[in-house]
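Report on the structure given below.
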Protein chains: 2
Amino acid sequence: MARTQGSHSDITGPRVRDAALRLFASEGYAAVSMRQIAGEVGVQAGALYNYTPDKQTLLFDLMKAHMDDLLAAWEAEAAPDAPMERLERFARFHIRFNYERADAVFISYMELRNLSPENFEVIEGLRRRYEDQLERILRQGVAQGIFDVAEPKITTMAVIAMLTGVNTWFREGGRLSLPDVQKIYWDMVRRAVMPQGAPNLD
Amino acid sequence: MARTQGSHSDITGPRVRDAALRLFASEGYAAVSMRQIAGEVGVQAGALYNYTPDKQTLLFDLMKAHMDDLLAAWEAEAAPDAPMERLERFARFHIRFNYERADAVFISYMELRNLSPENFEVIEGLRRRYEDQLERILRQGVAQGIFDVAEPKITTMAVIAMLTGVNTWFREGGRLSLPDVQKIYWDMVRRAVMPQGAPNLD
DNA sequence: CTTTGATCTGAACGGGTGTTCAGATAATTT
DNA sequence: AAATTATCTGAACACCCGTTCAGATCAAAG
């Protein structure tokens, strides 16, 4: 087994995925050709097939890796007991993580329709698992009488849509820092779940 | 000028746009071929060029028409004076209008990157005009001391992202009706702008 | 009934697509 | 130094792309 160390595959493999991620995000999966990806990496198109069985799987692997990272990163967060603190942790985590991986986030919900049905099911399942994390927090808060949320599932969808929306406009270097934005959004999330008439504790 | 009345163009033109709208929404602009659109309409691909100069313009015209419709429909809504009532009107309008034109809404922000720079500027300008409608309501409410919104621009983005998210999960015929959903989302929007500690007037 | 012209067909144009594969290349092991 | 083999090239495959256009079609106008 010659050429295991110093092999180019350790370098080329990640470069293929990086190039595909960036190109898929900026131009769209269908609009990007294998030759274009190969060109970015500096190889011929045929060489890509040492790293992926086909274009579809390349897309799927990027999305799957992103969703796995997302779930792993959330599970690695220290989880406070109190629902209010957990919710704040979730809101800030979601904004930060999504901002750091804007390309992967973008692909993972823009290119869902380009997945085969089986691959779609996998990604969709992971996405639901992530949403369930938030829904569980909301239900816990409701059970403890801390949150006033009539429809936890819908509030889950609404909060995630709101938080994910940060990526459409926020760019570092502007008037507001990411922590500023996290604070503003957390404030809106908090209001959305707080019993009305509760005092402002700021 | 023969064949002006009873001409097929009155029929074929809209059918081309309908087919393109549906196909672009479900498979994506780049993944849909002119032959595919033509097949849906029941003509050969060449015939499409009686109705659009090229594929890019076909996409742009669909998006432009949608944005024009959106702005016209909102301006046609009776506008109450009070910011709170105006905001409620906006939230319910946005959910209903977007639900009724799910395909056009989907295209109008999924396919932005497939527009030429000039076309992109046009659509982007219309989108900003729409967002400004909401921002103006928020600023009006703040000025009157009715809303507690520190960052009207950000709240605008957050509210629109939240409301637009309805389209990703809501389907008629489920447990909740569209009016149910409108009420739930309006409740969240109201909380997001209401001064905290204010009584629940439900 | 002939003329007109809007509409559509069908073929063609140059070029791009994902994927395959025999053979060249070169780093590592023997 | 020779043998091994992971990696890559370059050409080829069959097919699809957006767009053009000469000529067919046929309903309305004269």
Side-chain angles (χ1 to χ4, degrees), chain A residues 1-24 26-63 107 111 113-116 118-119, chain B residues 1-24 26-63 107 111 113-116 118-119:
Chain A
M1 210 203 311
R3 202 167 172 171
T4 53
Q5 218 185 7
S7 167
H8 286 185
S9 72
D10 307 350
I11 299 165
T12 309
R15 290 191 63 200
V16 168
R17 285 189 289 276
D18 286 355
L21 188 75
R22 195 174 58 257
L23 286 171
F24 287 166
S26 71
E27 304 186 24
Y29 171 79
V32 173
S33 71
M34 294 301 267
R35 283 170 182 82
Q36 211 175 334
I37 297 169
E40 287 276 302
V41 176
V43 297
Q44 294 298 312
L48 299 183
Y49 291 84
N50 291 317
Y51 304 98
T52 183
D54 49 44
K55 192 187 178 192
Q56 155 81 205
T57 306
L58 179 55
L59 173 64
F60 171 71
D61 287 345
L62 290 173
M63 295 171 79
I107 288 174
E111 305 295 357
R113 62 187 164 194
N114 288 305
L115 292 177
S116 68
E118 316 90 70
N119 285 346
Chain B
M1 211 205 310
R3 200 164 173 177
T4 53
Q5 218 184 5
S7 166
H8 286 186
S9 72
D10 307 349
I11 298 167
T12 308
R15 290 191 63 200
V16 169
R17 285 189 288 277
D18 286 356
L21 188 74
R22 197 174 55 255
L23 286 171
F24 287 166
S26 70
E27 305 186 24
Y29 171 79
V32 172
S33 72
M34 294 300 267
R35 285 171 180 83
Q36 212 176 333
I37 298 169
E40 286 275 302
V41 176
V43 297
Q44 295 298 310
L48 299 182
Y49 291 84
N50 290 319
Y51 303 98
T52 184
D54 49 44
K55 193 187 176 191
Q56 156 80 202
T57 306
L58 179 55
L59 173 64
F60 172 70
D61 287 344
L62 290 173
M63 294 171 82
I107 288 172
E111 305 295 356
R113 62 185 165 194
N114 288 305
L115 293 176
S116 68
E118 317 88 70
N119 286 346

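Note that the structure is predicted; figures quoted are calculated from it, not measured. Just so we're on the same page: letters track the sequence lines, and every chain starts at 1.
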> What salt bridge (Lys or Arg N to Asp or Glu O under 4.0 Å) pairs are there with at least one residue in residues 45-61 of chain B, not counting sequence neighbours?
Replying inline: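 Applying salt bridge (Lys or Arg N to Asp or Glu O under 4.0 Å) to every pair that reaches into residues 45-61 of chain B, excluding sequence neighbours, yields nothing.
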> Which residue pairs pass the salt bridge (Lys or Arg N to Asp or Glu O under 4.0 Å) test with at least one member in residues 15-24 of chain B, sequence neighbours excluded?
Replying inline: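 Pairs touching residues 15-24 of chain B that pass the test: Arg22(B)-Glu40(B).
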> Roughly how far, to the nearest 0.5 Å, is CG of Leu21(A) from CE of Met63(A)?
Replying inline: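 Spacing of CE (Met63(A)) from CG (Leu21(A)) equals 11.0 Å.
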> Just how far is it from atom CG of Leu58(A) to atom CG of Leu48(A), taken to the nearest 0.5 Å?
Replying inline: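 Here the rounded value is 8.0 Å.
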Rounded to the nearest Å, what distance is computed from the [atom1] atom of residue [X] to the [atom2] atom of nucleotide [N]?
X        : N       : atom1 : atom2 : value
Gln56(A) : dT17(C) : CD    : P     : 18 Å
Leu58(B) : dG18(D) : CG    : P     : 11 Å
Tyr49(B) : dC21(D) : OH    : P     : 13 Å
Asn50(B) : dG18(D) : CG    : P     : 17 Å
Asp10(A) : dC8(D)  : CG    : P     : 10 Å
Leu59(B) : dG18(D) : CG    : C1'   : 15 Å
Leu48(B) : dT20(D) : CG    : P     : 12 Å

>> Any side-chain N or O of Thr12(B) below 4.0 angstrom from OP1/OP2 of dT7(C)?
In response: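 Checking dT7(C) against Thr12(B), no side-chain N or O comes under 4.0 Å of OP1 or OP2.
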> Within less than 4.0 Å of OP1 or OP2 of dC17(D), is there a side-chain N or O belonging to Ser33(B)?
Replying inline: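 Answer yes for this pair, as a side-chain N or O of Ser33(B) is under 4.0 Å from OP1 or OP2.
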>> Please enumerate all residues that pass side-chain hydrogen bond (donor to acceptor under 3.5 Å, both in side chains) together with Asn114(A), with sequence neighbours excluded.
In response: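 Listed in chain order: Glu111(A).
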>> Show me the pairs that pass side chain to side chain donor-acceptor pair (under 3.5 Å) and involve residues 26-35 of chain A, at least two apart or across chains.
In response: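 For residues 26-35 of chain A: Glu27(A)-Gln36(A).
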>> If you assign Ala47(A) and Tyr29(A) each to the DNA chain C nucleotide with the nearest heavy atom, which residue ends up on the more 5' nucleotide?
In response: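 Nearer the 5' end of the strand: Tyr29(A).
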> Hey, which of these two, Gln44(A) or Ala31(B), hits DNA chain D nearer its 5' end, going by closest nucleotide?
Replying inline: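 The 5'-side residue here is Gln44(A).
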>> Any base atoms under 4.0 Å from Val41(B), or only sugar-phosphate, or nothing? Heavy atoms, all strands.
In response: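 The answer is nothing, as Val41(B) stays clear of every strand by at least 4.0 Å.
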Listing time: all N or O pairs from protein to nucleotides 12-14 of chain C that are below 3.5 Å?
residue	atom	partner	partner atom	Å
dA12(C)	N6	Arg35(B)	NH2	3.4

